[in-house]
Amino acid sequence: MHPRDQTIFALSSGRLPSAIAIVRLSGPHAGAALQTLAGKIPPARMATRVMLREHQGEPIDDAVVLWFPGPASATGEDVVELHVHGSRAVIATLFSVLAVTPQLRPAEPGEFTRRAFENGKIDLTEAEGLDDLIHADTDRQRRQALRQLTGLLGDRARSWREQIIQAAALIEAGIDFADEGDVPAELIAPALSRIERLLTDIQSVLSAQGRAERLRDGLTVVIAGPPNAGKSTLMNQLAQREVAIVSPHAGTTRDLIEVQLDLEGYPVTVIDTAGIRETNDPVEQEGVRRARDRAAQADLVLWLAEDDQVAEPQEDVPVWLVRNKIDLPTFEGVGTGLAPSESPLFEISARSGEGLPALLKALVGFARDYFGSTESGLITRERQRTLLSETAAALRRSIAAVNLGEELAAEELRIAGLALGRLLGRVDVEDVLDVIFREFCVGK
Ligand SMILES: Nc1nc2c(ncn2[C@@H]2O[C@H](COP(=O)(O)OP(=O)(O)OP(=O)(O)O)[C@@H](O)[C@H]2O)c(=O)[nH]1
Ligand SMILES: [K+]
Ligand SMILES: [Mg+2]
């Protein structure tokens, strides 16, 4: 039996227990399963209250159910939604009944979305947008994912593909037309200008892409510095909870500790590290190694120091010197002048919070520069970027080939069209599909 002939079910809402849980079914036997559970098929797309029952008639739960006959459903198949009380016992009973219902089986991760894609309900860029939307932590990420989900990239790619086909048609018409001698310039010129316009368009989308991809992945800020500088104290302040152990004992933090922050909509990962110093303790040595390693990969290092300590320079990573413990009477202050003149300098008390607003404001500014204006960013994934780059390269080759031979130019256009087809998931992408849909959660 083809996997699509099976009817799948999964919990599509969040962690139990919860007030309400939604179990979704999709496939040719969804209706029969609903009939068995509810004793009837309610009117399509109308929330209907029913008592769900086991096969022997024992009640399972007082539920609200929805019946979406295909193809006008999210997956394009017959879909049932069961809104039940979100207790583990209700779900366990319901699942045990569904599991023994013929032709039904639990869904694989992403299988609902995969079916929607395979039934032509969404293209691949929209599926990726859906995945991003589910995993969006901040408002900006949500807006970006939504743009992708509503098919902005897909729409552009479809229109590019049409223009490529038109240009190819012009060139091919020329080839047929002029079987002896050259293709008339009247046919080549409009095709060429079409391709050039297209290339400019794709290149501008490509150059705006880095930012959108970054927004998806977030910005990494590493707090580093000597032991006892107050790194973990600052970490807890930024996280606004006690994520890291603070103690007067130098060498407290050994592992990397991460928190995700939403800085005015920008996703920022802050990482607390072990204090950097020479030590004979092998565990602490490993901590110091990890700290240095992580700092080298960061987008920004906050070098926390006491008083006149200087920052360890980083290759390719900006470092801000942050002098902590300004509340101590022994604090000397700015006068020591040991910060490298070009790098920003902050003075804070991680304990009292003094100076933190200025540091936070600077971090938001850094994030804003880093992410840039992402409103124009259409590309959010490596896969999309690679395929668009391939399209652009083929277009460039086809422009270059026009004078060498029209067949060559037409062949390059075909390659460009194929790359766009892959972007939309309409061409030989089985292997890609497995990778993409595996990342989804069960029930999606
Ligand atoms: N007075 C004062 N004490 C602070 C401040 N920040 C941290 N401390 C104290 O300094 C000590 C070390 O703080 P931690 O946050 O553990 O320092 P750390 O840099 O994480 O230390 P390691 O993990 O051991 O490298 C603790 O006793 C803190 O209470 C501050 O702004 N003012
Ligand atoms: K400490
Ligand atoms: Mg610490």
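Indexing begins at 1, ligand by ligand and atom by atom, following the structure's order.
More than 12 heavy atoms of other shown residues, nucleotides or ligands fall within 6.0 angstrom of atom CD in Gln297. Heavy atoms from other residues, nucleotides or ligands lying under 6.0 Å from CZ of Arg277 number more than 12. No more than 12 heavy atoms of other residues, nucleotides or ligands shown are found within 6.0 angstrom of CD1 on Ile245. Residue-environment remark: CG (Leu16) exceeds the threshold of 12 foreign heavy atoms within 6.0 Å. Annotation for Glu382: atom CD counts as buried by contact number, over 12 foreign heavy atoms lying within 6.0 Å. Residue Glu354 qualifies as open at atom CD: its count of foreign heavy atoms under 6.0 Å is 12 or below.
Protein heavy atom closest to atom 32 (N) of ligand 1, with residue, atom name and distance, is Asp327 OD1, 2.8 Å. Of all protein heavy atoms, the one closest to atom 6 (N) of ligand 1 is Asn324 ND2, 3.2 Å. From the protein, the heavy atom lying nearest to atom 18 (P) of ligand 1 is Lys231 N, 3.5 Å. Of all protein heavy atoms, the one lying nearest to atom 29 (O) of ligand 1 is Arg351 NH2, 2.9 Å. Closest to atom 21 (O) of ligand 1, if we only count protein heavy atoms, is Asn228 N, 3.0 Å. Nearest non-hydrogen protein atom to atom 4 (C) of ligand 1 is Lys325 CE, 3.6 Å. The closest protein non-hydrogen atom to atom 23 (O) of ligand 1 is Thr253 OG1, 2.8 Å.
Listed by number with element, the atoms of ligand 1 under 4.0 angstrom from any heavy atom of Gly230 are 7 (C), 13 (O), 14 (P), 15 (O), 17 (O), 18 (P), 19 (O). Proximity to Gly275 (heavy-atom distance under 4.0 Å) selects the following atoms of ligand 1: 25 (O). Less than 4.0 angstrom separates some heavy atom of Leu328 from each of these atoms of ligand 1: 1 (N). Residue contact check: Gly251 has heavy atoms under 4.0 Å from atoms 24 (O) of ligand 1.
Judged purely by atom type and a 3.5 angstrom limit, Asn119 has no side-chain atom pairing as donor or acceptor with the backbone of Lys121. At distances below 3.5 Å, not a single donor-acceptor pair connects side-chain atoms of Glu162 with backbone N or O atoms of Ser159. Side chain of Lys231 to main chain of Trp303: no donor-acceptor pair is present (N/O by atom type, distance under 3.5 Å, no hydrogens or angles). In terms of modelled atom types and a separation under 3.5 Å, the side chain of Asp61 and the main chain of His85 share a donor-acceptor contact.
Considering backbone and side-chain N/O atoms, Thr233 comes within less than 3.5 Å of an N/O atom of ligand 1. Polar contact with ligand 1: absent for Pro227 (N/O pair, distance under 3.5 Å). At least one N or O atom of Ser232 sits closer than 3.5 Å to an N or O atom of ligand 1. Looking at Val246 next to ligand 1, no N or O pair under 3.5 Å apart turns up. Taking any N or O of Ile348, backbone or side chain, none lies under 3.5 Å from an N or O belonging to ligand 1. The distance criterion of under 3.5 Å between nitrogen or oxygen atoms is met by Ser247 with respect to ligand 1. Checking only distances, Ala250 never comes within under 3.5 Å of ligand 1, N or O to N or O. In terms of polar-atom proximity, defined here as any N/O pair under 3.5 Å, Ile245 makes no such contact with ligand 1.
Around the K ion (ligand 2), protein N, O or S atoms at a distance under 3.4 Å total 4; waters are neither shown nor counted.
By the criterion of a separation under 2.8 Å, the protein N/O/S atoms near the Mg ion (ligand 3) amount to Ser232 OG, Thr253 OG1.
For the residue pair Gln6 and Arg105, a side-chain donor N or O sits within less than 3.5 Å of a side-chain acceptor on the partner. A donor-acceptor contact closer than 3.5 angstrom links the side chains of Thr269 and Gln260. Inspection of the Arg115 and Thr75 side chains reveals no N or O donor paired with an N or O acceptor under 3.5 Å. Asp281 and Thr279 are not linked by any side-chain donor-acceptor pair at a separation below 3.5 angstrom, with hydrogens and angles left out of the test.
Two residues are said to be in side-chain contact when any heavy atoms from C-beta on lie closer than 4.5 Å; Leu261 and Tyr266 fail this criterion. Between Val97 and Thr36 the shortest side-chain heavy-atom distance does not fall below 4.5 Å.
With respect to Arg140 and Asp262, no salt bridge is recorded, no charged nitrogen being found less than 4.0 Å from a carboxylate O.
Between Glu54 atom CD and Leu94 atom CG the span is 9.5 Å, to the nearest 0.5 Å.
The minimum heavy-atom distance linking Ala33 with Leu25 is given by the pair CB-CD2, 3.7 Å.
A cation-pi arrangement is absent between Arg323 and Phe346, since the terminal nitrogen or guanidinium carbon is not both under 6.0 Å from the aromatic centre and inside a 45° cone about the axis.
Counting heavy atoms closer than 4.0 Å to ligand 1, residue Leu304 contributes nothing at all. Of the heavy atoms in His249, only backbone atoms (N, CA, C, O) come closer than 4.0 Å to ligand 1.
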